[in-house]
Amino acid sequence: MTEQNYVYNQPAKWDYVADVLIVGTGTSMHGAIKLADSGLKVIAIDANEFPGGATVFSGGGAYLPLNKFSVKHGDTKAKCMTYLTKQKREVPIGEDVIESYIGNSNPMMEYMATIFKDYGLYPTPGGTELFGDYHAEWDGGRADA
């Protein structure tokens, strides 16, 4: 069997110039949006013909612990640390990185809300039953926020 490569939306001539190239359009698009909003010229490319990357196939969501919705349901930093420590499995991610992720989740969500408010979109809780790679049953995981 021969592997076939596809190039979607290939321009006749590649003459684009950017400050930043984002490879993959899943959750990395949050960074691309922030960079573009700060004035940088950003190009995002993906292996698929549509944006979203693997995020599209895993439910299209991101785990944003200790956000303004989840704290109303009893989310705590300790629960988030427990969940993310288990989620990383054997990957050597330090506690400081996990703490930074937790500490920046709600500010990132609030920032994205300001970006998408013009489109009538706002991050909302729920729907975790759709995410095959999210484990609400683990300690610190939540199905309701």
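When a residue number appears, it is its place in the shown sequence, counting from 1.
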**Request:** Indicate if Met108 and Val97 have the same hydrophobic cluster label, given that clusters are the connected sets of ILVMFWY residues with side-chain heavy-atom separations under 4.5 angstrom.
**Result:**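 The answer is yes; both residues are in one hydrophobic cluster.
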**Prompt:** In the single-linkage hydrophobic clustering (I, L, V, M, F, W, Y; side-chain heavy atoms under 4.5 Å), do Trp14 and Val23 co-cluster?
**Reply:**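 Yes, Trp14 connects to Val23 through the hydrophobic network.
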**Request:** Could you go through the side chain to side chain contact (heavy atoms under 4.5 Å, CB included) check for Glu110 and Thr114 one step at a time?
**Result:** CA-CA 7 Å; Glu110 291 298 317; Thr114 64; 5.9 Å; no
With rounding to the nearest 0.5 angstrom, report the [atom1] to [atom2] distance, [X] to [Y].
| X | Y | atom1 | atom2 | result |
| --- | --- | --- | --- | --- |
| Tyr83 | Ile102 | OH | CD1 | 12.0 Å |
| Tyr16 | Lys41 | OH | NZ | 9.0 Å |
| Lys77 | Leu66 | NZ | CG | 9.0 Å |
| Ile98 | Thr82 | CD1 | OG1 | 10.0 Å |
| Asp75 | Cys80 | CG | SG | 4.0 Å |
| Leu40 | Asp19 | CG | CG | 4.5 Å |

**Request:** Give a yes or no answer on whether the side chain of Asp46 reaches the backbone of Thr25 with a donor-acceptor pair at less than 3.5 Å.
**Result:**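 The answer is yes, because a donor-acceptor pair under 3.5 Å joins these two groups.
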**Request:** Can you spot which of Lys88, Gln87, Arg89 makes a side-chain contact (heavy atoms from CB on, under 4.5 Å) with Thr85?
**Result:**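 Output: one option passes, namely Lys88.
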**Asked** Is any side-chain heavy atom of Leu84 closer than 4.5 Å to a side-chain heavy atom of Met81?
**Response**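 The answer is no, as the side chains (C-beta and beyond) never meet within the 4.5 Å cut-off.
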**Any Tyr101 side-chain heavy atom under 4.5 Å of Leu64 side chain** =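 Yes, their side chains come closer than 4.5 Å.
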**Prompt:** If every non-hydrogen atom of Pro65 is compared with every non-hydrogen atom of Ser105, which pair is closest and at what distance?
**Reply:**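 Scanning both residues completely, I find the closest heavy atoms to be CD-OG, 3.1 Å.
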**Request:** Determine the minimum heavy-atom distance between Ala32 and Ile22, stating which atoms define it.
**Result:**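 Heavy-atom minimum between the residues: CB-CG1, 3.6 Å.
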**Message:** Restricting to salt bridge (Lys or Arg N to Asp or Glu O under 4.0 Å), what partner residues turn up for Lys72, sequence neighbours left out?
**Reply:**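 In terms of salt bridge (Lys or Arg N to Asp or Glu O under 4.0 Å), with neighbours along the sequence ignored, Lys72 is linked to no residue.
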**Prompt:** side chain to side chain contact (heavy atoms under 4.5 Å, CB included) between Tyr111 and Asn104: does it pass, once the steps are laid out?
**Reply:** CA-CA 10 Å; Tyr111 171 75; Asn104 285 292; over 6 Å; no
**Request:** Please write out which residues are connected to Val17 in a hydrophobic cluster, directly or through intermediates, given that two of Ile, Leu, Val, Met, Phe, Trp, Tyr count as joined at side-chain heavy-atom separations below 4.5 angstrom.
**Result:**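 Its cluster mates, by chain and number: none.
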**Item:** Check against side chain to side chain contact (heavy atoms under 4.5 Å, CB included), Ile43 and Val20
**Value:** CA-CA 6 Å; Ile43 294 175; Val20 179; over 6 Å; no
